[in-house]
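Proteins come first, then strands; the chains are lettered A, B, ... in the order of their sequence lines, and each starts at number 1.
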Number of protein chains: 2
Amino acid sequence: MGTLREFQARHDLSMEALCGRILDRHQATIRVKKPAVAVANLGRIIETTLDLANRKGFHSMSLRDLTERSGLSMGALYTYFDSKETLLLMILGQVTGVAEEVLQQAADVPADPAERLRWLLETHIYLTEVMHPWFVFAFMEAKAFPKTSRDMAVASELLTEGLIAGALLAGQETGQFVLEDATMTAALIKPLLQDWYIKRGKHRRRGLTPEDYVRQVIKFTERAVGRCCPLTGAG
Amino acid sequence: MGTLREFQARHDLSMEALCGRILDRHQATIRVKKPAVAVANLGRIIETTLDLANRKGFHSMSLRDLTERSGLSMGALYTYFDSKETLLLMILGQVTGVAEEVLQQAADVPADPAERLRWLLETHIYLTEVMHPWFVFAFMEAKAFPKTSRDMAVASELLTEGLIAGALLAGQETGQFVLEDATMTAALIKPLLQDWYIKRGKHRRRGLTPEDYVRQVIKFTERAVGRCCPLTGAG
DNA sequence: GACTATATAGTGAGCGCTCGCTCTTATTTT
DNA sequence: AAAATAAGAGCGAGCGCTCACTATATAGTC
């Protein structure tokens, strides 16, 4: 099992890197020309938005709140997005984009089903740990998305589930896992991953580190899907 | 394992019954005198609120939306609550109240730990099935609650977890369950219960009935906490 | 049982205010 | 000097909420 640090070394998920990608994607909307300026201000805007929206909801966050807390003026904000909704979509798009990319980075995904399952659980938990406010935002505001974006969020959810189901099926064939229904089992595993970011406060209050949580989720899951009385650790 | 029907026969969770209790609790605020009238209109108000709020968020739901869809006028609404926030609190209070009551109904709770765990899982799933929009509302709007109410929601969450942890500990002593940390394990079981109402659409689309889901969650959980290679079903 | 008096329930235009957003003006950078 | 960026007052719309009012149900009187 890898550590959070190792995960972070593999993926640059700094605010700067993330905003760089947002800038690329939304060149059409963002009217600021100089990348350095744009990335810096986007960072301030998105950081503040995540903070305010996760505290009281995106809709309840007014753009005047956002100007005060970000230090940018009303007019300045509107050179970075053309509507409040676009701001929402920038964040959502980045979350689903990064999730897809990280969880399907072919070079990283182990071939062995049991290892792959462990890797998926670990990677998902670390990813949501590092981008915590982003994932909370996507989860909480999902219902308010316009139709197409809500579909995007659903698709992203089903992607993870599908990857887990794939590992379970493969493991079933090798005899490493014993289970009836891979899709259903994957659907039961997914909420364990989401709980890490949705109830993060509770887990933190109990002194749980991301590494602890990864270990616990892997153990719980492997007992639920593993062979009865495994002879040795690796199988 | 009981059925949803049996659960419903034991508990009257009709809109009428729920609104009757809300009326009792909020006599101080509700200015309508005749209980029959009050209960009927509260029912319309809350039904509409749950529908609108779960679709686009409580804050985004305007009271004008509510007047149109409920058929009551602006002024009429304000004889049932004194602010939009009070309306929110009425719903939240009822959710936490009913949850506490149903899950701790002493006469129903089995003594045997394994049975008790099964009963808790089943009862929680059926409760959230019957009061689905109420629980979605409480979950989604929790962050927007005023401090005291947010604490109420957290307490309610920890109550369920505590009851599960209690059953796990007891089962550990009798040798029915094998686990390291009852609190942590309960924390991993809780999200399985919540998933039933948070992702209800997905489960429904897959043709899952509440009874199916109860069965799956019980099986998954029991494998994760049970003794290795149980000799017979009942132990 | 018809008629009034009174209490209760319901109405909806309008209040003060804040919202998302625009646009002219000012400042900074090149 | 010109271009790029930031500023923030102002716009119409829509918000939560109030209040002077009407409609309806009930009680009391003869």
Side-chain angles (χ1 to χ4, degrees), chain A residues 19 22-23 26-49 52-53 55-91 141 144-146, chain B residues 19 22-23 26-49 52-53 55-91 141 144-146:
Chain A
C19 288
I22 291 180
L23 180 59
H26 294 267
Q27 275 179 329
T29 325
I30 299 173
R31 302 204 314 267
V32 171
K33 304 287 172 65
K34 283 180 284 187
V37 176
V39 166
N41 283 338
L42 262 180
R44 288 205 285 168
I45 292 169
I46 286 173
E47 203 154 36
T48 314
T49 301
L52 288 170
R55 217 197 295 287
K56 52 181 185 162
F58 182 74
H59 270 290
S60 304
M61 172 200 84
S62 76
L63 292 177
R64 279 168 187 81
D65 287 346
L66 190 53
T67 60
E68 273 176 39
R69 304 282 284 268
S70 71
L72 284 146
S73 69
M74 204 83 237
L77 289 183
Y78 271 82
T79 56
Y80 292 91
F81 48 78
D82 53 12
S83 76
K84 199 185 173 191
E85 190 184 302
T86 299
L87 173 59
L88 187 148
L89 294 180
M90 281 177 174
I91 299 174
E141 306 300 338
F145 295 158
Chain B
C19 288
I22 291 180
L23 180 59
H26 293 267
Q27 275 179 328
T29 324
I30 299 174
R31 301 205 313 268
V32 171
K33 302 289 171 66
K34 281 181 286 186
V37 175
V39 166
N41 284 337
L42 263 180
R44 287 205 284 168
I45 292 169
I46 287 174
E47 203 154 35
T48 313
T49 302
L52 289 171
R55 218 197 293 286
K56 53 178 184 165
F58 183 73
H59 270 290
S60 304
M61 173 198 84
S62 78
L63 292 178
R64 280 169 187 81
D65 288 345
L66 191 52
T67 60
E68 272 176 40
R69 305 281 284 267
S70 71
L72 285 146
S73 69
M74 203 82 232
L77 289 182
Y78 272 81
T79 58
Y80 292 90
F81 49 77
D82 53 13
S83 75
K84 200 184 172 192
E85 189 184 303
T86 300
L87 172 60
L88 187 148
L89 293 181
M90 281 177 175
I91 298 174
E141 305 302 336
F145 295 157

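Atom CG of L77(B) and atom P of dC19(D) are 17 Å apart (whole Å). Counting to the nearest Å, the P atom of dC21(C) and the CG atom of D82(A) are 9 Å from each other. As rounded to whole Å, 13 Å separates atom C1' of dT18(C) from atom CD of E68(A). Counting to the nearest Å, the P atom of dC21(C) and the CG atom of L66(A) are 12 Å from each other.
Side-chain N or O atoms of E141(A) include none that pairs as donor or acceptor with a backbone N or O of L88(A) at under 3.5 Å. No donor-acceptor distance shorter than 3.5 angstrom exists from the side chain of K84(A) to the backbone of S62(A), with no hydrogens or angles considered.
Residues satisfying the salt bridge (Lys or Arg N to Asp or Glu O under 4.0 Å) criterion with D82(B), sequence neighbours excluded, are absent altogether.
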Summarise protein proximity over nucleotides 5-15 of chain D in one line of letters, 5' to 3': B for base, S for sugar-phosphate only, - for none, counting protein heavy atoms closer than 4.0 Å. SSBBBB----B
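When every heavy atom of L87(B) is checked against every heavy atom of M61(B), the shortest pair comes out as CD2-CE, 4.5 Å. The two residues L77(B) and S70(B) have their closest heavy-atom pair at CD2-OG, 4.3 Å.
Contacts of T67(A) with the nucleic acid, taken as non-hydrogen atoms under 4.0 Å apart, are absent.
Within the 4.5 Å cutoff, the side chain of K56(A) has heavy atoms near those of the D65(A) side chain.
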